Protein chains: 2
Amino acid sequence: MAVTIRDVARASGVHISTVSRTFSAPHLVNPETRSRVLATAEQLGYRPNRAARALITGRTHNIGLIVADIANPFFPPLIKAAETHARRRDYHVFVADTDEDPIVESDLVQALAKQVDGILLCSPRMSDDQIEQLRREVPLVVVNRLITGLPAVVMDVGQGAREAVRHLLGLGHRHLVYLAGPRGSWTNREIRRAAGATARTAGADLTVLGPNQPVEQAGAAAAEAVLATGATAVLAYNDLMAIGLLQALQDRGVDVPGQVSIVGIDDIAYSGLVRPRLTTVANPTAAAGRTAVDMLLQQGDDGATGQVTLRTDLIIRNSTGPGPYAPAVAIAAEVAAHVKE
Amino acid sequence: MAVTIRDVARASGVHISTVSRTFSAPHLVNPETRSRVLATAEQLGYRPNRAARALITGRTHNIGLIVADIANPFFPPLIKAAETHARRRDYHVFVADTDEDPIVESDLVQALAKQVDGILLCSPRMSDDQIEQLRREVPLVVVNRLITGLPAVVMDVGQGAREAVRHLLGLGHRHLVYLAGPRGSWTNREIRRAAGATARTAGADLTVLGPNQPVEQAGAAAAEAVLATGATAVLAYNDLMAIGLLQALQDRGVDVPGQVSIVGIDDIAYSGLVRPRLTTVANPTAAAGRTAVDMLLQQGDDGATGQVTLRTDLIIRNSTGPGPYAPAVAIAAEVAAHVKE
DNA sequence: CTCCATTCGGCAAACGTTTGCAACAGCTTA
DNA sequence: TAAGCTGTTGCAAACGTTTGCCGAATGGAG
């Protein structure tokens, strides 16, 4: 049915190995022969069979991309960038979704292992041990998690959290809440640690509420708890939760940022669409996707296991405002910053 | 390196064909032998090589899923449902993104054709002819487009548009705008036709603005044009554009729904997060993804090319309100509907 | 005790490539 | 002129499965 290398060989009067070389090692075949073969191949509509090629070379030219939840708007830009970048290098991408479940995650890696050349594990919820285990079965690049000895690309969310907390402290807030993310998230631990340390150093309080599922319902559900702490500023694990909280507070008649300031993380597309626009920490997700693909594809060559950290940026919008201890100077400065933006 | 069927055969003292049958035709092998083989396979960590299997059976157990833009929140739920459903049937899913470009779309189908058993083409931007052409190279199921002779699953967006327009007419609006979507979109044509017909029948005006890229920037950019028409109600191609328009109007001091009512389409997760919450037409995207996968996988058996239409639902929230011609009765009824919701 | 049917398992040929090896031609170099 | 090199091509063995065919073993019926 399908046209194979053999048909092309017959039609152009050469041996199949010459046709094969025309595609996989062009410099080994006479330019004249090559163009003749290419012409007949084109005419016959020949496409190399990747399964057959994979069988003998051991390389599938596929990569797996595993994320916690495709519907979480944090991931699509990463997926998109990774897929486009991979395609440019003649690789195709399997995308799979674990529903935030570490078990599904592990199963998925195992199932994919044999039919891909490597896997991008994004924001895994498994334990470090499990991941190191899987690393032995298939090349892995981990995104948003640092495990010694494993290639990784992380966004420096600790730095972002520090900046965010400093911003809030500068505005005169002295009692903060960290609305935590899911158990098992490295990012969550990083934020918590960085935010906690920064607040403590400045002599401010930081109450941690969580863990929570990283969805807006969880943010909304936390509204009462946040108010009960008496805190005047909240840093949320991600924008989804921040937005959920924001709306829930507004629905209760709490003014944001008048009474409570909110900072999110991720800068998903919708963080600029809510009112007030969300102050948040922007993550370079697209760059992370591309970098991860590159690292995975290079991994075969040497055994180098780099760990790349991408910087993050605090984006000050309108969900943060002066707190109860704001000196006039700080307020003026922050107001100026707002105006500029 | 990897453990093959041959290793399992040797270790369990049977021929490789017996091992093969243990996995692909268990009823042909003695239960006792079978369990012995399974045990050693398990112990050795054997995983069948799908490339080899694909080579001989001609079925890759992969399917392709092509969407216009992964970052458009309309798609992730569909992708997620399709992927989960396919995995349950032992299929893996290649996801690819065309960036709303018909050329990329066609290239992508061709590239994927040989390494998948079929392709789900979601909201294609190609011409019908092109799609029919590709249909000859690879089994296809088209989502959100109706082409005679091609298996398809569509969401009945025409019905949704009719309901939406009737809702607006009932509120006393007599001059509407349809904020159109991208050229090449079947959905766009359907909405336009249905909305136009419904408005015309009721003796109301419907001005079409577009085509537009289906993103919120386009919605925002259309704010002036919408106001210039003097219309009091807008139906947008999708929620993204509706939200963009909503925010742009609010930024200009226009009250929604006081001065202008807005209806979106899709019911993406964020349409309930903006204020006012968006009235919109909900699409059963997850069901569409599952149905499409089923149709694709059944396609091999018979040649039946069904066309499934899934119903849509108008969800009345707070972005629509009484128009200038609203009879008191109608207003009361609609207000009651609001309250109930 | 023979015959037949049934169940089970082995044999080997495929599937469409890649690739090490060898063959050959036409050169250059000594 | 012989030896050696280079560039181009053919040959055939692999890669890990599936599957049609055949023979062996088993058990029941006559």
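Just the heavy atoms: all of them, side chains too, but no hydrogens, waters or symmetry mates, feed the values below. Letters A, B, ... are given to chains in the order of the sequence lines, protein chains preceding strands, and every chain is numbered from 1. Remember, it's a predicted structure, so these values are computed and weren't measured experimentally.
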Would you classify [X] as touching base, sugar-phosphate or nothing, given that sugar-phosphate means primed atoms plus P, OP1 and OP2, and contacts are heavy atoms under 4.0 Å?
| X | value |
| --- | --- |
| B:Thr57 | sugar-phosphate |
| A:Ser20 | base |
| A:Thr18 | sugar-phosphate |

In terms of side-chain geometry, is the basic nitrogen of [X] or [Y] positioned less than 4.0 Å from the acidic oxygen of its partner?
| X | Y | result |
| --- | --- | --- |
| A:Glu105 | A:Arg125 | no |
| B:Lys80 | A:Asp97 | yes |
| B:Glu83 | B:Arg87 | yes |

Closer than 4.0 Å, any side-chain N/O of A:Thr33 to the OP1 or OP2 of D:dT9?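 Yes, such a contact exists.
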Report yes if at least one side-chain N or O of A:His15 is closer than 4.0 Å to OP1 or OP2 of D:dC11; otherwise report no.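 Yes.
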5'-most contact on DNA chain D: A:Arg34 or B:Ile5, nearest heavy atom basis?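 Its nearest nucleotide being more 5', the pick is A:Arg34.
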Expressed as a whole number of angstroms, how long is the span from [X]:[atom1] to [N]:[atom2]?
| X | N | atom1 | atom2 | result |
| --- | --- | --- | --- | --- |
| B:Asp7 | D:dC15 | CG | C1' | 13 Å |
| B:Gln115 | C:dG16 | CD | C1' | 14 Å |
| B:Arg59 | D:dT17 | CZ | C1' | 16 Å |
| A:Ile16 | C:dT17 | CD1 | P | 9 Å |
| A:Arg21 | D:dT9 | CZ | P | 9 Å |
| B:Leu28 | C:dG9 | CG | P | 10 Å |
| B:Phe23 | D:dT18 | CZ | P | 9 Å |

Can you pull every protein N or O that's under 3.5 Å from an N or O on nucleotides 24-28 of chain D?
none

For A:Asp90, the option from A:Arg50, A:Arg53, A:Arg59 that meets salt bridge (charged side-chain N to carboxylate O under 4.0 Å, His left out):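 When salt bridge (charged side-chain N to carboxylate O under 4.0 Å, His left out) is applied between A:Asp90 and each of A:Arg50, A:Arg53, A:Arg59, only A:Arg50 qualifies.
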Side chain of [X] only, heavy atoms from C-beta on: which candidate in [options] is closest?
| X | options | answer |
| --- | --- | --- |
| B:Leu55 | C:dG9, D:dG16, D:dT9 | D:dG16 |
| A:Ile56 | D:dA14, D:dT17, C:dG9 | D:dA14 |
| B:Asn30 | D:dT9, C:dC8, D:dG10 | C:dC8 |
| A:Ser17 | D:dT18, C:dG16, D:dA12 | D:dA12 |
| B:Arg6 | D:dG16, D:dT8, D:dG10 | D:dG16 |

Are there over 12 heavy-atom neighbours, none belonging to A:Ile103, within less than 6.0 Å of that residue's CD1?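 At most 12 heavy atoms, drawn from other residues, nucleotides or ligands, come within 6.0 Å of this atom.
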Fit a plane to each ring of A:Phe23 and A:Tyr46, take the angle between them on a 0 to 90° scale, and name the class: parallel (under 30°), tilted (30 to 60°) or perpendicular (over 60°).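 Tilted: the ring planes of A:Phe23 and A:Tyr46 meet at 30° to 60°.
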On a heavy-atom basis, which atom in A:Met295 and which in A:Val308 lie closest, and how many Å separate them?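 Result for this residue pair: SD-CG2, 3.8 Å.
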Can you name the residues that form a ring pair (Phe, Tyr, Trp, His ring centres under 6.0 Å) with B:His15, not counting sequence neighbours?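 Per chain and number, B:His15 pairs via ring pair (Phe, Tyr, Trp, His ring centres under 6.0 Å) with no residue.
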Can B:Thr60 and B:Asp117 be counted as having a side-chain donor-acceptor contact under 3.5 angstrom?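 Side-chain D/A pair, B:Thr60 to B:Asp117: present.
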For DNA chain D, which residues of residues 38-53 of chain B approach it to below 4.0 angstrom with any heavy atom?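 Close to the strand are B:Tyr46, B:Arg47, B:Pro48, B:Asn49, B:Ala52, B:Arg53.
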Show, in sequence, the C-alpha distance, side-chain angles and deciding distance for B:Trp186 and B:Val154, and conclude whether the side chain to side chain contact (heavy atoms under 4.5 Å, CB included) test is met. CA-CA 10 Å; B:Trp186 176 86; B:Val154 300; 4.0 Å; yes
